[in-house]
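Report on the following structure.
Residue numbers start from 1 in every chain, and the chains themselves are labelled A, B, ... in the order their sequence lines are given, proteins ahead of strands. Note that the coordinates shown come from a computational prediction; the quantities given were computed from them, not determined experimentally.
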2 protein chains.
Amino acid sequence: MALRFAILGLLLDGPSSGYDLARRFAEVIGAYAWDAKHSQIYPELRGLEEEGLIEVAARGARGRTAYRCTAEGLAELRGWLTTPPESRGGVRNEHALRLFLLPALDHEDAIEVLRHTEAAATAQAERLSQEVLRLQEATGAASGGPLGLTAQYGIGSFRATAQWARSAMDQVAVDARAGRWPGDHPSRR
Amino acid sequence: MALRFAILGLLLDGPSSGYDLARRFAEVIGAYAWDAKHSQIYPELRGLEEEGLIEVAARGARGRTAYRCTAEGLAELRGWLTTPPESRGGVRNEHALRLFLLPALDHEDAIEVLRHTEAAATAQAERLSQEVLRLQEATGAASGGPLGLTAQYGIGSFRATAQWARSAMDQVAVDARAGRWPGDHPSRR
DNA sequence: GATAACATGTAAGAGGTTACATGATTTC
DNA sequence: GAAATCATGTAACCTCTTACATGTTATC
């Protein structure tokens with residue numbers, strides 16, 4: 001379901017071909033919010049056109065077909081955005097899973113993994129901060145535009161992760177000293 | 001790939017049947033880290049057994065088959081945990097996507113959505129805080145055990161989201177007053 | 001004896017990835 | 001003219017969800 005709305009949203013920035021969309025997924029949004037390959041995009045575009053949510057805006061060389069979002073498409077997207085996701089069921093977050101499984105490692109390895117987590121999250125937050133500055137300059141908007149807002153969200157998440165990792169290292173060390181770290185006793189689990 | 005490691009990790013807490021695992025996914029871990037249904041779990045258990053990563057620990061009434069993690073299974077899990085995810089490609093986060101698409105809404109609806117986001121994130125953080133307190137009491141560990149650590153991670157993420165949403169509301173308001181909010185001008189996009 | 005909970009299984013289909021495949025145009 | 005890039009398509013395969021299906025044991 002989400003893919004079609006991602007496409008509708010991207011088409012609001014101007015007519016795009018499947019090829020254009022694939023590039024924007026791969027180069028930009030794929031790193032922040034949602035990813036998709038061309039093999040998924042082209043069939044979806046056909047579906048969206050059949051439903052009247054997008055229409056052909058132009059045909060160019062090499063069989064290029066650019067689409068635009070119709071009024072119906074915009075209405076559909078707005079409807080989806082203003083309906084809160086029912087959710088509450090079924091997180092599927094590999095990062096969180098890895099953290100949850102950390103007690104399978106002995107405390108030294110666990111701390112090592114947390115060190116990596118902390119370093120990676122800090123680096124990501126740093127990278128996005130640069131990105132936001134660049135976007136604010138480029139757009140002139142306080143938010144740095146839609147990408148700026150999303151990037152700011154990413155910064156907050158990564159900083160929270162880094163902070164959590166530091167605190168978790170301490171807690172693992174404390175538990176390990178007290179002989180309470182599960183991964184140090186694989187036999188009696 | 002992740003499912004098999006989730007199962008191996010769960011089996012470290014003691015022998016479990018597919019039914020037991022399904023319940024733990026549905027009632028606990030599914031809300032924090034990873035979810036799976038029994039229709040996925042049973043075939044995976046068969047695969048893991050064929051590969052020697054788990055073995056039958058007991059057979060009980062009603063065809064119940066409990067498995068335990070073998071030494072090979074633990075080694076496999078530890079290998080996966082200590083190998084950093086290559087990632088860098090292909091986020092698939094519906095929440096982030098929704099935030100990214102926010103500029104498709106007029107500024108009033110966008111702020112309304114952000115208000116919801118803020119309220120929901122705050123409530124989740126609150127709920128998890130209670131949970132951590134409970135886990136710390138129950139386990140006697142500073143971390144509150146593996147679930148406690150994962151829950152703390154969740155708290156940090158939700159607080160970051162709530163904070164971001166407050167800041168985003170301000171920025172949308174500023175951009176809207178300056179006539180720079182894209183969703184207020186659907187025609188000239 | 002009925003009902004709830006335990007326990008496992010299969011099948012159809014959506015969503016997604018990787019790989020294979022093809023051809024047109026631009027650029028050097 | 002070769003190579004890179006543009007541009008689209010298909011097929012096999014994996015993961016996951018939903019629904020259908022079946023039988024057993026405990027509890028009231």
*Report which part of the nucleic acid B:Arg46 touches: base, sugar-phosphate, or nothing (heavy-atom distance under 4.0 Å, all strands).*
sugar-phosphate
*Round to a whole Å and report the spacing from CG of B:Leu21 to P of C:dA7.*
12 Å
*Within this structure, what is the CZ-to-C1' distance between B:Phe25 and C:dA7, rounded to whole angstrom?*
17 Å
*Atom CZ of A:Arg64 to atom P of D:dT5: distance rounded to whole Å?*
17 Å
*According to a strict under-4.0 Å criterion, is B:Arg23 in side-chain N/O contact with OP1 or OP2 of C:dC6?*
yes
*A:Glu27 has an atom CD; how far is it from atom P of D:dT5, in whole Å?*
12 Å
_Does the protein touch nucleotides 17-28 of chain D at the base, only the backbone, or not at all? Give it as B, S and - per nucleotide, heavy atoms under 4.0 Å._
BBB----BB---
*If you pin A:Tyr67 and B:Trp34 to their nearest nucleotides in DNA chain D, which one's is more 5'?*
A:Tyr67
*Round to the nearest Å and state the distance from B:Leu3 atom CG to D:dC16 atom P.*
6 Å
*Among all residues two or more places apart in sequence or in another chain, which pass the ring pair (Phe, Tyr, Trp, His ring centres under 6.0 Å) test with B:His116?*
none
*Can you name the side chain to side chain donor-acceptor pair (under 3.5 Å) partners of A:Glu49, sequence neighbours left out?*
none
*Whole Å only: how far is the CD atom of A:Glu94 from the P atom of D:dC16?*
10 Å
*What integer distance in Å separates B:Met1:CE from D:dT15:C1'?*
10 Å
*Between B:Tyr42 and C:dT8, is there a side-chain N or O to OP1/OP2 distance below 4.0 Å?*
yes
*Identify the residue among B:Gln124, B:Gln130, B:Glu131 that makes a side chain to side chain donor-acceptor pair (under 3.5 Å) with B:Arg127.*
B:Gln124
*B:Thr65 side chain N/O closer than 4.0 Å to the phosphate oxygens (OP1, OP2) of C:dA7?*
no
*Name all pairs fulfilling the salt bridge (charged side-chain N to carboxylate O under 4.0 Å, His left out) condition that reach into residues 50-61 of chain A, sequence neighbours left out, sorted by first residue then second.*
A:Arg4-A:Glu51, A:Glu55-A:Arg68
*Go through the structure and list residues passing side chain to side chain donor-acceptor pair (under 3.5 Å) with B:Asp20, not counting sequence neighbours.*
B:Ser17, B:Arg64
*Any salt bridge (charged side-chain N to carboxylate O under 4.0 Å, His left out) pairs touching residues 157-186 of chain A, not counting sequence neighbours?*
A:Glu118-A:Arg166
_Any side-chain N or O of B:Tyr19 below 4.0 angstrom from OP1/OP2 of C:dC6?_
yes
_Tell me the interatomic distance from B:Glu44, atom CD, to C:dT10, atom P, rounded to whole angstroms._
15 Å
*Pairwise side chain to side chain donor-acceptor pair (under 3.5 Å) hits with a residue in residues 91-102 of chain A, at least two apart*: A:Glu94-A:Arg98
*Could you grab the distance from atom CG of B:Leu53 to atom CD of B:Glu44, nearest 0.5 Å is fine?*
9.5 Å
*To the nearest 10 degrees, how far apart in direction are the end axes of the helix from C:dG1-D:dC28 to C:dC28-D:dG1, each fit to five base pairs?*
20°
_Contact list for residues 145-157 of chain B, test side chain to side chain donor-acceptor pair (under 3.5 Å), sequence neighbours left out_ = A:Gln171-B:Gln152
